[in-house]
Amino acid sequence: RRVLFRSKPHSMISEDHLEDFIKTLYQKDMISGLPEHEIPDRPDGQGKLVMGMFGVPKTDGATRLIFDRRPQNSQERGLGDPGLPSAVRWSMMCLGPEDQIRLNMTDARDFFYIMQLPREKWSRNAFWGPIPAEWVGGTPGKVVYPVLKCIPMGDTRSEEHTSELQSHSD
């Protein structure tokens with residue numbers, strides 16, 4: 001199923017903060033830069049397929065970075081059920097009076113920013129638009145698109161990516 005998104009992605013960051021933001025993500029090894037020809041076109045032909053982004057306040061005062069990946073999600077076929085636990089599966093549990101469930105969310109903290117994706121998936125995670133390549137360690141005078149190297153919060157297939165990445169680490 002393919003869904004065309006008619007609106008352009010929006011990024012909730014001002015241009016005067018963009019350079020510092022991009023450089024911070026690069027220093028944390030979350031992003032890289034790719035040349036324009038490696039970024040896929042939007043299905044409607046209205047430019048490159050880039051994600052929008054916004055932030056949501058976290059309880060510790062930090063900001064949770066979320067990417068609007070709806071156009072990419074609508075075009076990608078799933079790999080199948082990775083068999084990982086998820087909240088959807090919890091709704092099907094029936095517990096007796098003596099049964100217990102223990103969860104540790106510490107391991108999931110910043111999960112999306114820790115799991116690195118294979119390079120061939122980076123081009124589908126472009127955001128913002130063209131930037132100076134030197135912001136992401138590239139050649140001065142060149143222009144690149146910033147791309148996430150890690151799983152973006154907003155990717156509906158994050159469980160599948162995790163399962164796939166774990167199979168490569170064994």
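Computed from a prediction, not measured in an experiment: that's the story for all the values here. Note that these values count all heavy atoms, side chains included, but never hydrogens, waters or copies made by symmetry. Here, residue 1 is the first one in the sequence, and each next residue gets the next number.
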TODO: Could you pull out the closest heavy-atom pair between S123 and P40, with the gap in Å?
DONE: O-CD, 3.3 Å
Open item on the list: Please report the interatomic distance CD(E134) to CD1(I22), rounded to the nearest 0.5 Å.
Closed with: 12.5 Å
Open item on the list: Hydrophobic clusters here meaning ILVMFWY residues chained together by side-chain heavy-atom distances under 4.5 Å, can you tell me if L148 and M53 are in one?
Closed with: yes
Task: Minimal non-hydrogen separation, V144 against P35, with atom names - done: CG1-N, 4.4 Å
Open item on the list: Can you give me the closest heavy-atom contact between P146 and W128, atom names plus distance?
Closed with: CG-CB, 4.3 Å
- [ ] List in chain and number order the residues that pass side-chain contact (heavy atoms from CB on, under 4.5 Å) with V147, two or more places apart in sequence or in another chain; answer none if no residue qualifies.
- [x] S32, L34, I39, W122, A126
Task: Closest contact, heavy atoms only, V143 versus P130 - done: CG1-CB, 3.3 Å
Task: P152 to N125 - nearest heavy-atom pair and separation - done: CG-OD1, 3.7 Å
Task: salt bridge (Lys or Arg N to Asp or Glu O under 4.0 Å) partners of E19, counting only residues at least two apart - done: K23
Task: Pairs satisfying salt bridge (charged side-chain N to carboxylate O under 4.0 Å, His left out), at least one member in residues 138-147, at least two apart - done: none
TODO: Only counting residues at least two apart or in another chain, list the ones meeting salt bridge (Lys or Arg N to Asp or Glu O under 4.0 Å) with E38.
DONE: R119
Task: D20 side, atom CG; W135 side, atom CH2 - distance, nearest 0.5 Å - done: 9.0 Å
Open item on the list: Is there a side-chain contact (heavy atoms from CB on, under 4.5 Å) between Q116 and M30? Walk through the geometry before answering.
Closed with: CA-CA 8 Å; Q116 296 280 313; M30 292 173 60; 5.7 Å; no
TODO: Check the pair D29 / K149 against side-chain contact (heavy atoms from CB on, under 4.5 Å), numbers first and verdict last.
DONE: CA-CA 8 Å; D29 198 30; K149 296 168 32 174; 2.4 Å; yes
- [ ] Check the pair Y145 / V50 against side-chain contact (heavy atoms from CB on, under 4.5 Å), numbers first and verdict last.
- [x] CA-CA 9 Å; Y145 278 71; V50 296; 3.9 Å; yes
Task: Any residue meeting ring-ring contact (aromatic ring centres under 6.0 Å, His included) with F127, in chain and number order, not counting sequence neighbours - done: F67
TODO: Identify, with sequence neighbours excluded, every residue that meets side-chain hydrogen bond (donor to acceptor under 3.5 Å, both in side chains) alongside H17.
DONE: S14
Task: hydrophobic_cluster_shared for L117 and L49, side chain cutoff 4.5 Å - done: no
- [ ] Kindly compute the distance separating CG (L65) from CZ (F21), expressed to the nearest 0.5 Å.
- [x] 4.5 Å
- [ ] List for me each residue that meets salt bridge (Lys or Arg N to Asp or Glu O under 4.0 Å) alongside K48, sequence neighbours excluded, and say none if there are none.
- [x] D41
Task: Separation of I66 CD1 from M51 CE (nearest 0.5 Å) - done: 12.5 Å
